[in-house]
Amino acid sequence: MNWSHEEESYWFLSARDGLTRFRRLTYTHTKQCSLREIARSGSGLPVYALQLGSGPKHVAILSGMHGCEPSGPRGLLAWLDALLNHSRPFGISVDQEKVLKGSTLYVIPLLNPGGAERFSLHFPDCWHGTWLNGWTEANATKFFAEANEPEHFFYGTYAKKPPMRFTPDQIAQWKATGHALGSSLTDAGLDMWFDWDDTNGVETKGTKALLQAVRPSLVMDIHNFMFPTEVFAPTVYSQGEWAAEETTLARSLQESWRAHRLLFNHRPPRPYPKPSEKYYEDYWFYQLGARTLIVEVNGGMLAPEGAEYEPLPGQRPLTRRESLESAFLAAHALVTHELT
Ligand SMILES: [Zn+2]
């Protein structure tokens, strides 16, 4: 396979491998970085939170909520490596002193390790683009089945609708068919995206407890599903100066992608749509007092419908390297902008 230097260095091939790398990175920089386990998935995989720096700006960056969205966790690994080891992925260096003195960072790079582990079993290089060449209808169906089952099995559709949570009985029934749980779900069979209000998942509970304790003033969550790449801001709940700040932050991400000639939705940032019932993560971050950005790195033609989908001419699925770079730049632009 023809891998770039960045893919060779950061594109880990299983959740276990990724967790080992985050652990190793922390333990070789104990002065700058600490790591703690904030939850453990049903299959026994840890959810790690890294803490770096001691500055006044408290920033939280999350990724890997859905196991079938590989670019965020790997982009964060690349950015942390640039920060701690002075490597220069994509030709970019990170000013360690400035970042660690100016900010306190909380990074949860792999919110749903169980889902990511299942994804790697189905797509051995963790990139669906390699295994599902071209977004034909058949390939899209295959991908949705891998990510979202047993949704179709019980409800006749892969479309995600609340509560996106299956009972132990349903999961047992699904597993009895000989199939694995979808990789967008946690090991307990829930989609964390729909769990910010109910909070049934141990992964969601651990994440909320950490953020509630540290009260970040800024939260970014990186997903990797929509088409094209987009940063959503301000939240539908934000107003006035608050909303303006979120929009400015979102624009700094757009600028960064533009400078690196990466494809994205170049229209002015817009809010992530509000659900008809309950709420998503953006509301929870908002009520916590954090400015909020939801980033969706282009995951191919995976989501060609829905309220948040916006077809644009000239867009195409990103390569693995481009998606890695997009996630890396999102983290870099956010922290850099926050410190200026
Ligand atoms: Zn997602």
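Counting convention: from 1, in listed order, for ligands and their atoms alike.
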- Task: Might you work through the ring-ring contact (aromatic ring centres under 6.0 Å, His included) test for His223 and Trp193, ending with a clear yes or no?
- Result: CA-CA 10 Å; His223 291 257; Trp193 181 259; 5.2 Å; yes

- Closest His66 atom to the Zn ion (ligand 1) [N, O or S only]: ND1

- Among the N/O/S atoms of His223, select the one at the shortest distance from the Zn ion (ligand 1) and name it. ND1

- Residue Glu296, metal the Zn ion (ligand 1), N/O/S under 2.8 Å: no

- Task: Could you please spell out the steps behind the salt bridge (charged side-chain N to carboxylate O under 4.0 Å, His left out) verdict for Glu6 and Arg321?
- Result: CA-CA 7 Å; Glu6 285 83 1; Arg321 184 182 187 275; 3.4 Å; yes

- Message: If you compare all heavy atoms of Asn298 against all heavy atoms of Ser323, which two are closest, and at what distance to 0.1 Å?
- Response: O-CB, 4.5 Å

- Kindly indicate, with the supporting measurements, whether the criterion side-chain contact (heavy atoms from CB on, under 4.5 Å) is fulfilled by Asp187 and Arg118. CA-CA 9 Å; Asp187 291 340; Arg118 283 191 294 283; 2.6 Å; yes

